[in-house]
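Scroll down for the structure; my scribbles are underneath it.
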Amino acid sequence: MRHRSLFLKMLAALTILVSLPLRPLAHESPVDHVDRGIRIWIKGDSVFLRYQLQLSERAAMMQLIKIDENADGVASESERDSYFAAFAEALSKQLHLQIDGKMLNLKSDRKAHLLPQFRQVFTFSGTCGALPQGKHAGQLNDDYSRSYPGMYRWDGAKFESGAGPRVTAIEAPKAIDAVGHAGSLQLKFEVNVP
Amino acid sequence: MKTFFAAPLLCCAVLFSTLAEEKPADEAPAVLGKADATIIDGALDEAFWKSATPVRGDYINSKKGELSATPRLMVKYAWDEHYLYIGYETFDENLIAKASAIKEGPEKNIRMGCEIWSSDPKEKVDVVEFFITFGDEHFFWEIHHNAANQFNDVWCSVADPAWPIAKSSLSTYGIIFSNREFIADDGEFTVAMAVKLKSKADGKPSTVNASDDADTGYTAELRLPWGGLGAPAAAKPDPKKKETDWKMDGQKLLVLAVVQDGDLKERYHHSAPQRKGDWFHKTVPLWPKYQLAKTEVQSEKKPALLKIEELTAPQLAGEIFRRLDKHEPLGELMQPAMEGGMGVALACAAGLTAETPHRHETLYDIIAVASRCRRSHRELLRLYDPAAHVFFYTDAGAAAQKQLMLAFSSETWSRLVPEALVNAAPRPLLDWMRAEAASENPNLTRLKLIWREWGTSVFYRRERQHVDDVRAVILRLSMNAKICSDADALAALIRFAGETASANCSAFILQHVRHEASSVRAEAVLAIQRFGGEKVPTEILALAKTERDPAVLLRLAEATGEWRDDAAAGALAISLFQQHDNPEMRRALLFSAAHATWPQRSVLLLKAFDVPENGVLGVALQGVAEHPEKALHENTLALMNVFKTAPAALIEALGGLKDEKAAPYLIDALKQSKNLSVRLKIIFSLEKIGGAAASAALLSELKDTSNAMFAQQLIGIAGRMKLAGAEDLVTALAEDLTAPLPVRIQCLWSMGSLRSKTVHASLRRLDAKRDYYFGSADKSDSDAGTYEKMEQAVMLIKMALLQKGDTGAADEAAAIYARGTPTTKLSMLMLLADLKRDHEVIADGLKSADFSVMLAAVHAASAAAPKKYHATLVALENAPFIKAMIETGLDLNGLDDTLEHAIAAGK
């Protein structure tokens, strides 16, 4: 009886799911949401992207199942490193960063820095060349957000320091549709080289 | 004028004959650094003392600028927003200190005075003196302090020779010594002084007033509030502006340090290289000059955000301590403190000391929040918060938990202290409870606070480590006479036992079911209910016969639902219903009956028909809707003659009866009602009833309605009922580009069930021209998620075609699944579950790392082919982290029940 009742609740949720507009930034779903924080900075002729995911506890537990490859109930260091190396690599292919209209090839450092409250920090880098003085338009398309929507935070302001190029978000992030893709997050920013 | 000054004054007059003043060369004042929080204990061991510039007090008084070969006095100064701090060291080999007969000071801060001279030549009194002025050469403080921590403060007025007062009887060589004046405290900021005797060669401390040994001197600290010292009024905090700190940045002052060693021929040494002889009081311009360091407010009070993000845990904690000690708001520090995990919490815990009670509330708040992570699986902690893993899962960590027990030395606890202790110090807390259990006088107040917090934690399955230990300690506590004799404590303990499912205490609790205090009885009933079991205990049955207290009766009524299969509980429910007319209790009994299998169930529900007021009948009708026993039919149908306007509970109950006799009544109500939610209830009830009249009414509504939400539900009903006559309308709506998308998608869902060639043909058209019918993702004006909706629509078309037996539909559905988001996958699996249809994607879903997909796959496996997936489901249930997840209090949307059902179905 209880099982049937739960099943009907899931079906009802599904009804809501298919009938409501599916905006990644604001929809009700049994899917685990993932909050993210993004920071972009320029150093020399390279651009760096710090991409932080914050999972729910449930999602973190599910991920543990994948990490624990030998299913012995322990996520060893090697299992963890192996998992996150592959994850970071896959993530790098879903993040598309461009400056001045030029798409940059992002490389991951094949690691995740794990922090309390189920936060995972990935760092990517790409070569943008020496940017001349002035303002440069930038854009980040986050295709990972298509499957895993959630709150979004621009962490750039926290890390501002005095000298050097400043990177600021110039628009609230929005979900866009690209050909053949469902809504993914797009962030527009500006690099100001003094 | 105090006589004790007379002799030394004469001595001063004799000794210091030179009166000529010398103007000092202009020199920059030495800068004094700021103090951190300090304990006035005489030891100069704080970091700021170590970094302060030492000032030599070795200048021989009778000579200008000549230093003693042997150190006599070393002084350091520091300051903060409330005090001037003086730290000094002497090197005296024979410490002599003599108290004066005077005690003075503010009422709550009286200090013993000291003699600075003795008429007995054998008493070679030693004393250290400080002269302090903010630039005024005529008015300033003279302070005396000795090895016995005795203290004088004298307000000195140095009269200009031209002033008449210079020649008055109050003046002594032009100086008026106001001995009765004292440096006042400034509110909570008080004068303080302390001495620490230095060790002699034999390791023992130097002695005061014992000349048979060789002393080495002492160190001392003096703390003097700005208000008491007479700092400039402009620097005073303005209460109208809510200022609390003195604004002393950059303030200049002059301080002369002097040491008197009674054993020396050259008795006086001081810190002013420019002076020679004369009254100390009359050489103010020659005193050393100091300036309080100018602080950069922004960098000190508010570190740049960059710095906060880069701070290590100890650095962050240190900044928190600093602000707490200065009574500054923590502001932007709170979020990193809370987010920093146990590393930061433990660094903060280091700031919990007996000397810093002002920090405790905030630090315990941080610890309480950060340590909530203990509810997580240890592997998660090991990955994400290694400090927490060590703290909670190692012996070293367990030992470190004891530090948090400092809370027990405080008189009162702030709001989050119990949570902090339960979360972060479970092991020492258990030890404490064991000790309290054995104590003749346990601290009942604190025990209750801990029980309430820990009980909730166990009840909501946040506690994963120590549940068995908690239950064991509860059993011990139940044997404590003092606890058992206090009704309040006993009730709290019983509640604790119930929340923690401490069935080992059943006998103890049943013993108190007939306690004289109703609070104890009520908690006992609740606890027994929580223990569960198949049969209602006889003690409960006995209690029910005589109980009169409304709160306890309500608990009894609620408890009956626990024994849903026990006839004795059913009899109890009827008995209570008949004996007490309390509507709240009666409703509770009927709620309990809703899911019960008591043989007396229908009798109880029917009793409610006789006393319908106050929602009693409404709850009974919910029970009818849940499980409409035959005995309830006639009475329920009879209500159609009582209620002209159908109430919601009756609508649902009539639907539950599934009796066509109710159809005309409901159809009439449907026509009359304008309320959407009531109309929805009616159509769902008509769906349950079925039959020709209901079907016709539903079809008519479908044709007439213009409300999208209502139409959507009717279309769903049409599909489930396979409603003849709905096919054309549903297919037309599915292909209508102007119809709301949710309605059209619902049509797709239902079309799979509807049987007609029209439907099949429509599905093929929709599939062939999906871009036309559902839009394209490359349209520039398409909003976010259009593609997602299109995928949903295509998936539904494929699933509908699958039901029709179209070849290729299965493979195409699999392709949609493969590229889909978790939402799409979830949708497809739930559809397969609803259709009870096996498909290869179910196996894939069972391996998914996405929780919702896995859950939907379990539903689908259970509905479609439980035997086929049995082994996979068993493996899933036994997977270490799945098991761990199920054991937590995480919201798993009923995964455990679903798995259990699925596995049972496959056996």
Side-chain angles (χ1 to χ4, degrees), chain A residues 1-3 5-7 9-11 14-15 17-25 27 29-32 56-68 71-75 80 114-120 146-148 157-161 174-184, chain B residues 305-306 309 339-343 370 373 376-377 379-380 382-385 388 595 712 716 742 745-746 749 777-778 782-789 791-792 796 821-823 826-827 830 833-834 849-852 854-856 859 879-882 884-885 890-894 897-898 900-901:
Chain A
M1 181 75 75
R2 191 172 162 195
H3 165 80
S5 149
L6 287 165
F7 177 70
K9 282 179 188 169
M10 286 284 285
L11 272 182
L14 179 60
T15 306
L17 205 65
V18 300
S19 58
L20 286 177
L22 294 170
R23 303 189 68 86
L25 295 179
H27 80 337
S29 160
V31 176
D32 283 314
S56 65
E57 188 175 352
R58 187 173 71 183
M61 285 291 285
M62 290 298 296
Q63 197 175 57
L64 259 184
I65 298 170
K66 289 294 172 188
I67 295 172
D68 182 20
D72 64 350
V74 174
R80 179 198 66 199
L114 304 182
L115 296 171
Q117 300 185 0
F118 317 118
R119 289 176 288 164
Q120 303 169 354
R146 171 192 163 226
S147 294
Y148 301 100
K158 285 192 174 184
F159 298 90
E160 291 297 307
S161 59
K174 61 179 182 181
I176 54 103
D177 276 330
V179 175
H181 293 284
S184 66
Chain B
L305 289 172
L306 173 65
E309 290 298 321
E339 287 182 348
M342 281 308 290
C373 65
S376 298
H377 192 276
E379 283 303 302
L380 283 183
R382 211 159 60 77
L383 286 182
Y384 290 95
D385 198 344
H595 300 287
Q712 203 176 324
I745 286 178
Q746 183 68 66
W749 193 327
D778 61 2
S782 59
D783 64 10
T786 295
Y787 185 81
E788 189 75 44
K789 282 180 281 214
E791 286 279 88
Q792 296 275 340
L796 287 166
T821 63
T823 305
L826 158 73
S827 304
M830 291 305 294
D834 195 39
D850 293 305
F851 174 80
S852 56
M854 182 199 68
L855 177 63
H859 274 290
F881 294 117
I882 296 290
M885 254 199 323
L890 291 173
D891 179 8
L892 300 181
N893 297 93
D897 284 344
T898 306
E900 197 181 308
H901 176 88

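Reminder, nothing fancy here: chain letters follow the sequence lines and each chain counts from 1.
- Checking side-chain atoms of Arg119(A) against main-chain N and O of Glu339(B) turns up a donor-acceptor pair under 3.5 Å.
- With a threshold of 4.5 angstrom between heavy atoms, Ala59(A) does not approach chain B through any atom at all.
- Contacts of Ile65(A) classified as side chain to side chain contact (heavy atoms under 4.5 Å, CB included), with partners at least two apart in sequence or in another chain: Met62(A), Phe881(B), Ile882(B).
- Here CZ of Arg58(A) is found 7.0 Å from OG of Ser852(B). Values are rounded to the nearest 0.5 Å.
- Looking at Tyr384(B) and Gln120(A), their side chains come closer than 4.5 Å, going by heavy atoms from C-beta outward.
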**Request:** Kindly determine whether Phe851(B) and Ser56(A) satisfy side chain to side chain contact (heavy atoms under 4.5 Å, CB included), including the steps that lead there.
**Result:** CA-CA 11 Å; Phe851(B) 174 80; Ser56(A) 65; over 6 Å; no
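- Here Glu57(A) contributes atom CD and Leu890(B) contributes atom CG; the two are 4.5 Å apart, rounded to the nearest 0.5 Å.
- Contacts of Ala879(B) with chain A are absent, with no heavy-atom separation under 4.5 Å from either backbone or side chain.
- Side-chain contact check for Asp850(B) versus Tyr148(A): some heavy-atom pair is nearer than 4.5 Å.
- Between Asp385(B) and Leu114(A), the closest side-chain pair of non-hydrogen atoms is not below 4.5 Å.
- No part of Met342(B) comes within reach of chain A, as not one of its non-hydrogen atoms sits under 4.5 angstrom from that chain.
- Both the backbone and the side chain of Leu380(B) come within contact range of chain A, judged by heavy atoms closer than 4.5 Å.
- For Ala370(B), no part lies under 4.5 angstrom from a heavy atom of chain A.
- The two atoms that bring Pro880(B) and Ala71(A) nearest to each other are CG-O, 3.8 Å, heavy atoms only.
- Annotation: side chain to side chain contact (heavy atoms under 4.5 Å, CB included) contacts of Arg382(B) (sequence neighbours excluded): Val74(A), Glu379(B), His389(B).
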